[in-house]
Amino acid sequence: AWNLTLLGAKRWAMYPPGARPPGVLDLGPERFAAPAPIFWFSEVLPQLRKDQLPLELVTKAGDVLYIPPGWWHCVLNLSPSVAFTRGSVTE
């Protein structure tokens, strides 16, 4: 998928395929439950050890971010934001 931030700023946390992020529950085959982004960034992220930290970045108006297949991501709007996202399904 890719995301084009048109207005505002977005904070992203990403983990590669196979790495279940702290705070995300495994509910069975290919089923997960993740906390709300505001909770994850404010409560889960500050408690992580250095080796558990995600790839983090901020996108601003005009930025395009590509999210490779299988990457878990959590997004928090840092200001009123408008974005366009396009996903794709791969086998």
Side-chain angles (χ1 to χ4, degrees):
W2 57 269
N3 180 278
L4 167 61
T5 302
L6 299 168
L7 175 73
K10 299 169 128 351
R11 182 179 181 189
W12 297 76
M14 300 174 64
Y15 285 92
R20 184 163 47 95
V24 174
L25 304 177
D26 188 343
L27 301 178
E30 298 187 35
R31 294 187 57 225
F32 300 93
I38 189 71
F39 181 85
W40 196 88
F41 278 103
S42 65
E43 301 295 327
V44 177
L45 181 61
Q47 302 298 319
L48 299 183
R49 297 184 318 263
K50 210 173 203 178
D51 65 326
Q52 295 176 305
L53 294 174
L55 169 65
E56 277 195 89
L57 58 121
V58 173
T59 57
K60 297 179 181 172
D63 290 342
V64 176
L65 174 65
Y66 174 70
I67 302 108
W71 279 67
W72 179 88
H73 55 283
C74 183
V75 185
L76 181 67
N77 291 336
L78 299 176
S79 61
S81 299
V82 175
F84 180 76
T85 299
R86 182 71 179 186
S88 60
V89 177
T90 59
E91 292 185 73

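- Counting only heavy atoms from C-beta outward, the side chains of L55 and W12 never approach each other to under 4.5 Å.
- Hydrophobic clustering keeps V75 apart from L78 (ILVMFWY residues linked when any side-chain heavy atoms are closer than 4.5 Å, directly or through intermediates).
- L65 and V58 fall into different hydrophobic clusters, where Ile, Leu, Val, Met, Phe, Trp and Tyr side chains are chained together by heavy-atom contacts under 4.5 Å.
- The cluster map of Ile, Leu, Val, Met, Phe, Trp and Tyr, joined by side-chain heavy atoms under 4.5 Å apart, puts I67 and L57 in the same cluster.
- No continuous path of hydrophobic side-chain contacts links M14 to L4 [ILVMFWY only; heavy atoms under 4.5 Å].
- The side-chain heavy atoms of L7 and K60, taken from C-beta on, include no pair separated by under 4.5 Å.
- Residues L45 and P54 form a side-chain contact, since some pair of their non-hydrogen atoms from C-beta on lies under 4.5 Å apart.
- A 4.5 Å side-chain heavy-atom check between R31 and L25 finds every atom pair outside the cut-off.
- Less than 6.0 angstrom separates the ring centroid of W72 from the ring centroid of W40.
- Judged purely by atom type and a 3.5 angstrom limit, S79 uses its side chain to pair as donor or acceptor with the backbone of A9.
- Within the 3.5 Å criterion, the main-chain N or O of G28 finds a donor-acceptor partner in the side chain of D26.
- Side chain of Y15 to backbone of Q52: a donor-acceptor contact under 3.5 angstrom is found.
- Taking each heavy atom of P69 and P17 in turn, the nearest pair found is O-CG, 3.7 Å.
- Side-chain contact of T85 with W2: a donor-acceptor pair under 3.5 Å is absent, judged by distance alone.
- Checking side-chain atoms of S81 against main-chain N and O of N77 turns up no donor-acceptor pair under 3.5 Å.
- Residues L27 and F32 are not in side-chain contact: their nearest non-hydrogen atoms beyond the backbone lie 4.5 Å or more apart.
- Side-chain heavy atoms closer than 4.5 Å link hydrophobic residues (I, L, V, M, F, W, Y) into clusters, and following such links, even through other members, never connects Y66 to W71.
- Between N3 and K10 there is a side-chain heavy-atom pair separated by less than 4.5 Å.
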